[in-house]
Amino acid sequence: MGFMLILIAITFFTLGILSKRNPTWGWRANEAWKIKGDSEPSDAYINDMKFRGSVAILFGFFFLACGLLVIFL
């Protein structure tokens, strides 16, 4: 059980860091198809993705702490 929580933590860390460093990486697949013509993500979208990345990193810390507690206690 503890190792599964650590794997979940690694997943959250990876997605969180990816969202913080490159917030537009999934924009074409998620949002661009809804808009006609060429367009770029808005500043609000970029800030939202950076915030979501921060939240994902916090969840990663939480799952890592829970996984380590399950393993060692």
Side-chain angles (χ1 to χ4, degrees):
M1 180 69 181
F3 293 111
M4 183 60 86
L5 290 172
I6 291 174
L7 288 175
I8 292 170
I10 291 170
T11 303
F12 273 110
F13 280 135
T14 304
L15 291 175
I17 291 170
L18 183 62
S19 290
K20 290 283 286 180
R21 287 187 151 197
N22 190 6
T24 60
W25 69 274
W27 184 77
R28 292 236 183 265
N30 292 331
E31 303 295 329
W33 63 272
K34 299 176 187 175
I35 301 168
K36 286 186 179 182
D38 289 334
S39 64
E40 294 296 321
S42 66
D43 290 336
Y45 177 83
I46 291 171
N47 290 334
D48 182 49
M49 290 307 293
K50 287 182 180 180
F51 176 74
R52 289 180 186 196
S54 299
V55 171
I57 291 171
L58 288 175
F59 275 121
F61 278 121
F62 174 74
F63 280 110
L64 180 65
C66 290
L68 292 174
L69 284 174
V70 167
I71 290 173
F72 291 116
L73 293 181

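Looking only at side-chain heavy atoms (C-beta outward), I57 and F13 come within less than 4.5 Å of each other. F51 is not listed as a side-chain neighbour of S19, based on a closest heavy-atom distance of 4.5 Å or more.
Here the straight-line distance linking atom NZ of K34 with atom OG of S39 works out to 12.0 Å at 0.5 Å rounding. Atom-to-atom distance recorded for N22:CG and K50:NZ is 10.0 Å, nearest 0.5 angstrom. Taken to the nearest 0.5 Å, the OG1 atom of T14 stands 8.5 Å off from the CG atom of L18. In this structure, L69 CG and L64 CG are separated by 9.5 Å, a value rounded to the nearest 0.5 Å.
Between the side chain of T24 and the main chain of W27, no donor-acceptor pair closer than 3.5 Å is present.
Both V55 and I8 are part of a single hydrophobic cluster, where members link through side-chain heavy atoms under 4.5 Å apart. Under the 4.5 Å side-chain heavy-atom criterion for grouping Ile, Leu, Val, Met, Phe, Trp and Tyr, M1 is not connected to I6 through any hydrophobic cluster. Cluster membership for F63 and F3, using ILVMFWY side-chain heavy atoms within less than 4.5 angstrom, is not shared. L58 and I17 sit in two unconnected hydrophobic clusters of ILVMFWY residues. Membership requires side-chain heavy atoms under 4.5 Å apart, directly or through other members. When hydrophobic clusters are built by joining Ile, Leu, Val, Met, Phe, Trp and Tyr residues whose side-chain heavy atoms come closer than 4.5 Å, directly or via intermediates, M49 is grouped together with I35.
A pairwise comparison of heavy atoms in G60 and A9 identifies O-CB, 3.3 Å as the closest pair. Heavy atoms only, all atoms of each residue included: P23 and I46 are closest at CG-CG2, 3.6 Å. Minimum heavy-atom separation, A56 to G16: CB-CA, 3.8 Å. Here the closest non-hydrogen pair linking K20 and S54 is NZ-OG, 3.2 Å.
Using cut-offs of 30° and 60° on the angle between ring planes, the pair F12 and F59 is tilted.
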